[in-house]
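Data block below; observations after.
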Amino acid sequence: MNFEFSEDQLQFRQEIRRFMVNEAPLSKTRAILESSEHLDRTVWQSMQAMGIQNIMSPEQCGGFGLGAYELCISAEEIGRQLAPIPSLGCLYLAQQLLLQCEPSNIRDDALSKIGEGSIGCLVVNIDDHASTDIQLADNMLTGTNELVHNANEADLFICHAKDSQGNQYITLSYRDTSMNTRALSLLDNSCSAGTVTLTQTPALILASGDDCNKILERCLNHAAILLSFEQLGAADSALEMATRYASERSAFGRIIGSYQGIKHKLVDAYTLNQLARVHCYYAAWAMASSPDDVSKAAATAIISSSKAMSFIAKENIQTHGGMGYTWEMDCHLFLKRSRHYAVALGPETHWQQQLSSCLLAHSTC
Amino acid sequence: MDFKDTPEEAIFRTECAQWLATHATPKSAGQHQTFDSLAERISASRAWQATKAANGFGAITWPKALGGRGGSPIQEVIFREEEAKYNVPASVFNVSLGMVIPSLLVHGSDEVRARYVAPALQGKELWCQLLSEPNAGSDLGMIRTQAKRCEDGRDGWIISGQKVWTSFAQFAEFGMVLTRTDPDQAKFAGMTSFFVDMQTPGIEIRPIRQANGQEEFNEVFFNDVYVPDEQRVGDIGNGWRVTMTALMNERLSIGGVLPADLWQKLARNIQSQHRAVNDQSILNRLNEIYIHAHGLWLMQCRGLTALGQGKEPGPELSVAKIIAAKTLSDYCELMMDLEGSKGLLSAAEHGSHWQLIEDLWYGAAGIRIAGGTDEIVKNNVGERVLGLPPEPRLDKGKTFRELVSN
Ligand SMILES: Cc1cc2nc3c(=O)[nH]c(=O)nc-3n(C[C@H](O)[C@H](O)[C@H](O)COP(=O)(O)OP(=O)(O)OC[C@H]3O[C@@H](n4cnc5c(N)ncnc54)[C@H](O)[C@@H]3O)c2cc1C
């Protein structure tokens with residue numbers, strides 16, 4: 001039995017942490033929130049220079065060909081800083097989808113572009129609420145998707161489309177004048193999502209037929225795992241912020257952390273974070289080496305990390321009292337982000353259903 | 001037990017409904033008045049308060065002599081229930097008319113009451129409450145803002161210090177300020193209350209931006225502000241009692257916090273979605289919100305009944321604020337979840353009806369803190385209601401000066 005990252009991976013975490021703390025302090029997230037931009041390109045570029053966009057890409061695409069672990073670790077560090085970068089749309093969705101496709105020049109080019117710093121997005125039906133209707137005819141795409149993560153900044157668009165006979169395709173298009181994206185106003189504007197409208201957009205085929213479902217399903221599970229790591233980092237970061245404040249602030253002549261009302265609250269948060277952590281690690285293992293367990297592990301990871309993040313995002317404000325409710329303190333950055341994470345890949349009930357179906361299906365072994 | 005209006009209550013309800021019908025426009029389903037700015041919301045709220053006051057609906061429970069209606073608490077609730085069906089601005093007078101003026105009625109002089117109560121009731125003069133300071137929130141007894149007797153022969157005081165989190169200070173005409181007048185007494189004993197004109201030279205108001213980007217509360221600096229002794233409220237050293245009178249008055253205001261149709265809105269929303277209706281986890285969340293929201297309403301009914309019988313409402317109402325904040329937050333998050341991935345969009349995309357959800361969601365985080373945090377409420381209930389031994393107190397038997405120098 002060995003349920004821990006390797007020495008090298010732990011070393012890698014230290015490096016990424018140092019890097020992210022320097023490159024993406026929370027002040028950058030705050031600056032994006034206050035601007036009309038939805039991402040910080042300088043952070044994205046320095047991440048590219050560091051090689052984060054290349055972690056899982058195969059060597060023929062200029063990547064390092066590493067497994068899931070290093071990317072999971074990076075996602076956690078991205079989350080600790082609430083970094084305003086297109087991690088969800090590009091790294092967790094678009095890139096993961098490409099990695100699920102059979103190698104081809106088309107696919108490899110796209111992975112290389114992402115490795116070089118281009119931003120990809122995935123035009124897919126996240127859930128039934130944001131409608132999508134993209135049609136493929138004569139290698140041209142037409143249609144609209146109401147909600148696509150990081151669409152507005154994207155250079156390449158991976159689309160799930162159907163032809164007039166209902167056959168499925170996964171396609172790749174590069175941004176050109178036939179596509180129109182509109183940035184959406186979000187509860188957390190340090191993230192980014194947009195609507196995508198395609199009109200006779202040239203498309204290259206990455207996959208077709210029944211493979212599409214399998215590829216999409218795996219991709220969404222991987223995205224959920226990576227987003228869970230990001231949330232885990234954010235939840236830990238919020239807990240550290242609360243713990244720090246609770247160790248400094250006093251009321252009634254005592255440090256507030258000495259009151260059980262505060263101490264127990266923060267330990268409850270710690271407990272949720274630790275549960276989320278083991279489920280995230282288990283999911284990383286499944287992603288790296290046990291595909292059969294991915295569906296169950298991804299659902300567990302995202303449910304437990306969302307719960308942890310949602311709890312500490314609120315209790316961090318509460319621990320800070322009136323200060324916590326101000327714009328000046330960073331608490332609200334975590335609060336806003338907690339809601340974004342909670343629904344970005346579909347609401348909790350979706351993952352709850354996936355988990356219970358997996359459990360029922362495995363009830364006999 | 002009976003939840004139907006008594007004949008008198010029914011008559012009063014009809015009277016309210018008729019009056020409202022001629023003075024306001026009914027809300028369409030889910031409608032919520034939004035304003036471009038806080039300043040606009042405040043003026044709309046002032047205008048509506050003026051209309052109500054001119055027609056005897058400005059303060060249902062206040063005595064007629066003060067411009068009120070001389071009505072019962074239950075009539076107050078009936079009016080609020082009817083008013084909620086109309087498109088009227090959310091009140092900004094909770095502090096003004098629900099806390100500060102009631103305290104002034106108890107502790108202010110006849111002259112002060114004669115001058116200030118009517119304009120406050122008519123919404124012409126808005127009051128704010130200057131209690132919290134950077135180092136004294138939960139522990140309000142530790143306020144440092146100082147009031148010193150003038151030494152130049154004037155019969156008054158010089159106030160210096162800083163207040164913080166003062167809601168609506170930037171719009172208020174007047175404020176009630178809690179100060180320290182004798183640092184050599186125990187912390188609760190050496191405090192005195194004053195009221196001040198917010199335009200007085202030396203008062204500086206800086207709005208604070210909140211988590212939701214709005215600016216409702218403020219930092220208020222007192223830079224050697226002169227206040228005549230006539231503006232003292234209550235005796236010297238009696239500031240804590242004046243403050244407690246104001247804070248105790250908040251208790252029956254739950255009806256104002258939770259929209260009455262909260263769970264119905266949610267139920268309608270769920271009913272319109274095939275998937276949600278068949279999802280027991282969603283239905284359980286709806287049930288829980290109902291249990292809390294309806295439970296709060298029932299607790300309020302018990303309190304009102306007690307008051308109607310000339311008794312004190314039960315202590316269980318002390319936990320109402322905790323339930324209300326949690327229920328609001330749960331409600332908003334379920335509404336967001338019902339939108340699926342679109343739950344991450346802002347009101348700018350969802351439409352103006354969504355502004356209420358956003359405001360309530362942020363607001364719930366504020367309710368857990370304002371006017372006594374969840375933790376402080378629980379400590380109080382544990383000690384005063386359950387009679388549990390108090391937490392070890394480090395400040396017993398010490399003067400304020402000793403506490404500060406520690
Ligand atoms: C929206 C809003 C509006 C407000 N409006 C006004 C206003 O108009 N006028 C005004 O004067 N003030 C106002 N306030 C201030 C409010 O009353 C204080 O913020 C509140 O009392 C908490 O004080 P604090 O911020 O100093 O937090 P602290 O007292 O520093 O508390 C920090 C944390 O420690 C906890 N804590 C403290 N003591 C204990 C204990 N003994 N046991 C367990 N836990 C404890 C608290 O619960 C909290 O979680 C407002 C606040 C908000 C959020």
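Residue numbers begin at 1 in each chain, while the letters A, B, ... track the order of the sequences. Just so you know, these numbers come straight off a predicted model, no measurement behind them.
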[Y] side chain reached by [X] side chain, heavy atoms, under 4.5 Å:
| X | Y | value |
| --- | --- | --- |
| Ser281(B) | Glu348(A) | no |
| His129(A) | Gln273(B) | yes |
| Leu187(A) | Met336(B) | yes |
| Phe217(B) | Tyr325(A) | yes |
| Val343(A) | Glu339(B) | no |

Tell me, for [X] versus chain B, whether the close heavy atoms (under 4.5 Å) come from the side chain, the backbone, both or neither.
| X | answer |
| --- | --- |
| Arg182(A) | side chain |
| Gln260(A) | neither |
| His149(A) | side chain |
| Leu33(A) | neither |
| Met323(A) | both |
| Leu184(A) | both |

Contact origin within [X] toward chain A - heavy atom pairs under 4.5 Å:
| X | answer |
| --- | --- |
| Ile208(B) | side chain |
| Ser329(B) | side chain |
| Pro134(B) | backbone |
| Lys378(B) | neither |
| Asn135(B) | both |
| Ile376(B) | side chain |

Next item on the list: For each of Glu34(A), Glu315(A), His320(A), tally heavy-atom pairs with chain B at distances under 4.5 Å, and name the one with the top tally.
Entry: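 Most heavy-atom pairs under 4.5 Å with chain B: Glu315(A).
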
Check: Counting heavy-atom pairs under 4.5 Å to chain B, which of Asp128(A), Leu345(A), Asp188(A) comes out on top?
Finding: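 It is Asp128(A).
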
Next item on the list: Taking ring-ring contact (aromatic ring centres under 6.0 Å, His included) as the test, write out the residues that go with Trp240(B), two or more places apart.
Entry: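 Listed in chain order: Phe188(B).
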
Next item on the list: State plainly whether the residues Asp337(B) and Arg339(A) are in salt-bridge range, i.e. N to O under 4.0 Å.
Entry: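 Looking at Asp337(B) and Arg339(A), the cut-off is met.
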
Item checked: Choice from Val164(B), Asn212(B), Leu403(B), Leu338(B) maximising heavy atom contacts with chain A below 4.5 Å ->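 The residue among Val164(B), Asn212(B), Leu403(B), Leu338(B) with the greatest pair count is Leu338(B).
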
Looking only at heavy atoms, which two atoms of [X] and [Y] are closest? And how far apart?
| X | Y | value |
| --- | --- | --- |
| Ile317(A) | Ile369(B) | CG2-CD1, 3.8 Å |
| Lys336(A) | Tyr362(B) | CE-OH, 3.0 Å |
| Ser310(A) | Glu333(B) | OG-OE1, 4.2 Å |
| Ser341(B) | Ala130(A) | OG-CB, 3.9 Å |

Checklist line | Glu349(B) side-chain N/O to Ser185(A) backbone N/O, donor-acceptor pair under 3.5 Å | finding: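 It does hold such a pair.
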
Check: Are Glu375(B) and Gln318(A) close enough that a side-chain donor and a side-chain acceptor fall under 3.5 Å?
Finding: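 Present: a donor and an acceptor within the cut-off.
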
Other residues, nucleotides and ligands only: do more than 12 of their heavy atoms fall within 6.0 Å of [atom1] on [X]?
| X | atom1 | answer |
| --- | --- | --- |
| Phe221(B) | CZ | yes |
| Arg384(B) | CZ | no |
| Gln271(B) | CD | no |
| Glu328(A) | CD | no |
| Asp36(B) | CG | no |

Next item on the list: Residue by residue, scan residues 245-258 of chain A and write down, ordered by number, those that have a heavy-atom distance under 4.5 Å to chain B; if none do, write 'none'.
Entry: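 Arg249(A), Ala251(A), Phe252(A), Gly253(A), Arg254(A), listed by number.
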
Item checked: Euclidean distance, Leu344(B) CG relative to Ile126(A) CD1, rounded to 0.5 Å ->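 CG of Leu344(B) is found 9.5 Å from CD1 of Ile126(A).
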
Item checked: Straight-line distance of His350(A) NE2 to Asp279(B) CG, nearest 0.5 Å ->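 One finds 12.0 Å between NE2 of His350(A) and CG of Asp279(B).
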
